[in-house]
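Note sheet for the following structure.
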There are 2 protein chains.
Amino acid sequence: MPADEQQVPSVWARPRPQRRDHPALSRQQIVSAALQLLDTEGIDALSMRKLGTRLNAGATSMYTHVANKDELLELVVDEVYGEVEVPATGDPDGWRTAITGCAHSLRTTILRHPWIVSVLGETGLAYLGPNVMRLMEKMLAVFEEGGFGLQEADQAMNTVVAYVVGISTSEAATLTALARSGQSEQEWTQRLLPAAEEAARDHPRLRRLYAGQRGRRVREDRDDGFRLGLECVLEGVTARLTSTG
Amino acid sequence: MPADEQQVPSVWARPRPQRRDHPALSRQQIVSAALQLLDTEGIDALSMRKLGTRLNAGATSMYTHVANKDELLELVVDEVYGEVEVPATGDPDGWRTAITGCAHSLRTTILRHPWIVSVLGETGLAYLGPNVMRLMEKMLAVFEEGGFGLQEADQAMNTVVAYVVGISTSEAATLTALARSGQSEQEWTQRLLPAAEEAARDHPRLRRLYAGQRGRRVREDRDDGFRLGLECVLEGVTARLTSTG
DNA sequence: ACGGCTTGCGCACATCGTACGGACACACGT
DNA sequence: ACGTGTGTCCGTACGATGTGCGCAAGCCGT
């Protein structure tokens, strides 16, 4: 070993890359990094090793802060639910606009993190994360202030959320497929349309439907469809679950 | 032994374990075996190797009939959608009962194959499988016979399906978690309830809700909730998308 | 000074999807 | 009769994954 090894400190002499001045990793950091990785590269790209590298950490270092990958995903999902906004209601008639706002916020949140729908089927919504609890409580509050009883508020919430999640699942799957294809939405639909028309050969109604929307069905159409469907759901909820409806 | 023993020749005389008289594996066989494996052991248990073993085949033999695992999953999903029944409508007012029946069939189909919801987020509903196409066409037909225009029928179908898929996603996730825990539904909820109440500490409405359903929320309640929500959705669809509503 | 506690990490293992090339049985042109 | 495909099956191998285990190293109370 040379004497002047301090000049270019050899790996051995290095004063340990300041190890434990304070914990270099935290659960929150891990969750944030995972969220970012998921958003930029999709769900298939999330591996513990890659996540570790992002955090200048070893692959298995996360296991001191998180039990396993599934638990990490649950944490990230709850983090995402924290982004959903529930407008406050002023007057008793404001519940419908508040819930409408909440539904839109939920949808855009899901579409901002499209990978989430391939995790929902495993965690469900009933896993008791704090942000999910907060969201549910707020929605229940809105319905109650709107004159719903607790049971009816619960039923209404479940119905609305189911609709939003259902629509968003299908939309998010489309978004993911589109992102994976690397094409623009125009190219993608143009390339897919012949196959769709072929598959609809024996189905006249589907053929008419496709023909009617040749090249369309872009974001604005999906937004309108969502809005209209939501109005249907709220209409029915009003009619069946309130006395004033 | 009869003279025509060539019909059942001895094992040794048999002309090679009939290799290529006709292909030993078929796409349909593979899909069926995969479906059975998924139903009995869940989505994590589906690996190409295990599937091969089930079929007395090598691990990579399936790739002559199926491009890759994702494509296999798409095929299985379409197979499952083939189980959904759409009752026929006689009179123009029958659309609502027909769609109700279809919605129930869709839900029970999903709950019979709970793993499917963790695949829906990747394939979506718009992947053009023949059974999905047939299902959509039938639903559109029911709505059209009920007096809906094509656009309105499409909108109504999307709304109803979204609601059903949304509800079923959450229910299927619960079922999967329950199956993984290996406990009975009673044990499971009993064990989870303290955690739920703890998580609801700062959320009075959720606390009341949990208190009100101590130990309940079993299958009958979920069925009733689904039915009621579906009525809401159909009510709104009637009101907003038909002229007669 | 010393021993426990917490945090991070290198290594190893089992398992996964699947690319590749060979083997085998048939169909067919010559 | 004999090559020459052609379609089917599988043994092997490669890279990647989740994660259990044990060690190292700083920190803290004694």
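A quick note: this is a predicted structure, and the numbers were derived from the prediction, not measured. Below, chain A is the first sequence line, B the second, and so on; all start at residue 1.
- Straight-line distance from the CD1 atom of A:I30 to the P atom of C:dG8: 8 Å, rounded to whole Å.
- Contacts of A:L51 with the nucleic acid, taken as non-hydrogen atoms under 4.0 Å apart, are absent.
- Mapping A:D44 and A:A67 onto DNA chain D by nearest heavy atom places A:D44 at the nucleotide closer to the 5' end.
- Using a cutoff of 4.0 Å between basic side-chain nitrogens and carboxylate oxygens, A:R208 and B:D154 are not scored as salt-bridged.
- Rounding to whole angstrom units, NZ of residue B:K50 and P of C:dC16 are separated by 6 Å.
- In this structure, CG of B:L55 is placed 10 Å from P of D:dC10, rounded to the nearest angstrom.
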Stepwise salt bridge (Lys or Arg N to Asp or Glu O under 4.0 Å) test for A:R107 and A:D223:
CA-CA 10 Å; A:R107 171 169 174 261; A:D223 289 350; 2.9 Å; yes
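- Atom pair A:Q29:CD and C:dG8:C1' shows a separation of 13 Å (rounding to whole Å applied).
- Note on ring orientation: taking the six-membered ring where Trp is involved, the planes of B:Y163 and B:F226 are parallel (angle under 30°, cut-offs 30° and 60°).
- Comment: A:D44 engages A:R180 in a salt bridge, judged by a side-chain N to carboxylate O separation of less than 4.0 angstrom.
- Rounded to whole Å, atom C1' of D:dT19 lies 12 Å from atom CG of A:D70.
- Distance from the side chain of A:R49 is smallest to D:dT19 among C:dC9, C:dC16, D:dT19.
- Within 4.0 Å (heavy atoms only), A:S47 reaches sugar-phosphate atoms of the nucleic acid but no base atom.
- The residue B:A57 sits close only to the backbone: its heavy atoms come under 4.0 Å of sugar-phosphate atoms, none of a base.
- If you measure from atom CE of B:M62 to atom P of C:dT18, you get 12 Å, rounded to the nearest angstrom.
- Remark: P of D:dC10 and CG of B:N56 are 9 Å apart, rounded to the nearest angstrom.
- With hydrogens and angles ignored, no donor-acceptor pair closer than 3.5 Å exists between the side chain of B:T64 and the base of D:dG7.
- In this structure, A:H65 does not reach the C:dT6 phosphate: none of its side-chain N or O atoms is under 4.0 Å from OP1 or OP2.
- Comparing D:dC9, C:dG17, D:dT19 against the side chain of B:M48 picks out C:dG17 as the nearest.
- A:L72 comes within 4.0 angstrom of no nucleic acid atom, judged by non-hydrogen atoms across all strands.
- Once rounded to the nearest 0.5 Å, the distance linking CZ of A:R134 with CG of A:D78 reads 8.0 Å.
- Rounded to whole Å, atom P of C:dC9 lies 7 Å from atom CG of A:L25.
- Donor-acceptor pairing under 3.5 Å, judged by distance alone, is present between the side chain of B:T60 and the base of D:dG11.
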